[in-house]
Amino acid sequence: MCAALQPDSKRTEPRGFWRSQDPVATLRRWEAAIGADRIFVVTLPQAGSPSTTLWERFCAAIDIDSTGFNLGIARSNTSLPAEDAEVLRRLNRALPHDMSWPAYEQVVKRRFNARANASPQGSRLVIPENYRDVVMQRAQQMQHGLANAGYRVCGDLDDVLPAAASFGPAVEVPPDKVTDAAVETLAAVLNDFAIGKAADRRSRVRTLLATGRRKRRG
């Protein structure tokens, strides 16, 4: 997969992938609609930064006081462990190519986000060492493009560069771990489906009872 995503890959996937990962090109499209003076770049702090840093940067961008808010209810954004990421990779290959993004986000993306936040245990994904140069080159291009784009930056553009801990030996996920993760995901999907069906039946029963009562009154 890493090889397929190299910028000079002959495969068709990297074109769309890198287009969505190009912040300057994305901001240029917004600039055409709203003007450069209304665009702010908020950088994501590196791991280990104070938990309030991103919030403070966001508040600086919209010019509000960052104090006085309860940050204890913030939504988590946990990364997928390697086992679940492998399940998702295989699932993406099996899904129809013409599946719309709204459908994918609702059915697939939200399910895996919920699973990551509920059970973050597992092997941590890192970028294999042999891709360090190409990833750093791409990150430096992004950093340079943002620095020269003329937009107001709230944060540090060095945060765009991957930290040393982002790289490491390639993670080999045992097949049984992938199977376990796939079964757990399928079980959660079926359980949600069953709960939804039960709620739908209860709703229909309530509607029928209400209709019957109205008819009796009439």
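Count residues from 1 along the sequence. Keep in mind that what you see is a predicted model, and the values were worked out from it rather than measured.
Within 6.0 Å of CG in Asp63 there are 12 or fewer heavy atoms belonging to other residues, nucleotides or ligands. Atom CH2 of Trp55 is surrounded by more than 12 heavy atoms from other residues, nucleotides or ligands within 6.0 Å. Around atom CZ of Arg28, more than 12 heavy atoms belonging to other residues, nucleotides or ligands sit under 6.0 Å away.
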Show the numbers, then the answer: is there a side chain to side chain contact (heavy atoms under 4.5 Å, CB included) between Trp101 and Lys109? CA-CA 10 Å; Trp101 170 250; Lys109 184 174 183 290; 3.6 Å; yes

Could you walk me through whether Arg57 and Asp159 pass the side chain to side chain contact (heavy atoms under 4.5 Å, CB included) check? CA-CA 13 Å; Arg57 292 178 180 180; Asp159 290 334; 2.7 Å; yes

Apply the test side chain to side chain contact (heavy atoms under 4.5 Å, CB included) to residues Leu146 and Leu27: give CA-CA distance (whole Å), side-chain angles for both, the deciding distance (0.1 Å), then the verdict. CA-CA 9 Å; Leu146 288 170; Leu27 293 173; 3.9 Å; yes

Arg90 and Val178: side chain to side chain contact (heavy atoms under 4.5 Å, CB included), yes or no, with the steps? CA-CA 10 Å; Arg90 298 187 188 190; Val178 177; 4.1 Å; yes

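Grouping Ile, Leu, Val, Met, Phe, Trp and Tyr residues whose side-chain heavy atoms lie under 4.5 Å apart, directly or via other members, places Leu54 in a hydrophobic cluster with Val42, Leu44.
Seen from the ring of Phe167, Arg132 counts as a face-on cation partner, given the 6.0 Å and 45° thresholds.
Taking each heavy atom of Asp37 and Ile34 in turn, the nearest pair found is OD1-O, 4.2 Å. Taking all atoms of both residues into account, the shortest heavy-atom contact from Tyr131 to Ile127 is CB-CG2, 4.0 Å. Across all their heavy atoms, Val173 and Ala82 have their closest contact at CG2-CB, 3.7 Å. Minimum heavy-atom separation, Cys154 to Ala60: SG-C, 4.2 Å. Contact between Val87 and Ala181 at its shortest, heavy atoms only, is CG2-CB, 3.8 Å.
At a threshold of 4.0 Å, the pair Asp22-Arg138 does not count as salt-bridged, since none of the basic side-chain nitrogens sits closer than that to a carboxylate oxygen.
For the 3.5 Å distance criterion, the side chains of Gln46 and Asp156 fail to qualify, holding no donor opposite an acceptor.
No donor-acceptor pair under 3.5 Å is formed between the side chain of Ser166 and the backbone N or O of Pro162. Within the 3.5 Å criterion, the main-chain N or O of Pro175 finds a donor-acceptor partner in the side chain of Thr179. Side chain of Arg152 to backbone of Val41: no donor-acceptor contact under 3.5 angstrom is found. Glu129 places no side-chain N or O within donor-acceptor distance of the main-chain N or O of Pro169, the cut-off being under 3.5 Å.
Connection of Trp30 to Tyr151 is established within a shared hydrophobic cluster, with ILVMFWY side chains joined at heavy-atom distances below 4.5 Å, either directly or through further cluster members. A single hydrophobic cluster is not seen to contain both Leu125 and Leu88; linkage of ILVMFWY side chains at heavy-atom distances under 4.5 Å, directly or through other members, places them apart. When the side chains of ILVMFWY residues are joined at heavy-atom separations under 4.5 Å, either directly or via intervening members, Val24 and Met142 end up in a single hydrophobic cluster. A single hydrophobic cluster is not seen to contain both Ile64 and Phe40; linkage of ILVMFWY side chains at heavy-atom distances under 4.5 Å, directly or through other members, places them apart.
Rounding to the nearest 0.5 angstrom, the gap separating the CD atom in Glu86 from the CG atom in Leu91 is 11.5 Å. Atom CZ of Arg89 and atom CG of Leu80 lie 13.5 Å apart (nearest 0.5 Å). Interatomic distance, OG1 of Thr26 versus CD of Gln21, reported as 8.5 Å (0.5 Å rounding). Atom CZ of Arg110 is separated from atom OH of Tyr104 by 13.5 Å, given to the nearest 0.5 angstrom. Separation of atoms CG (Leu161) and CD (Gln143) is listed at 4.0 Å; rounding is to 0.5 Å. Rounding to the nearest 0.5 Å places CG of Asn113 at 8.5 Å from CD of Glu105.
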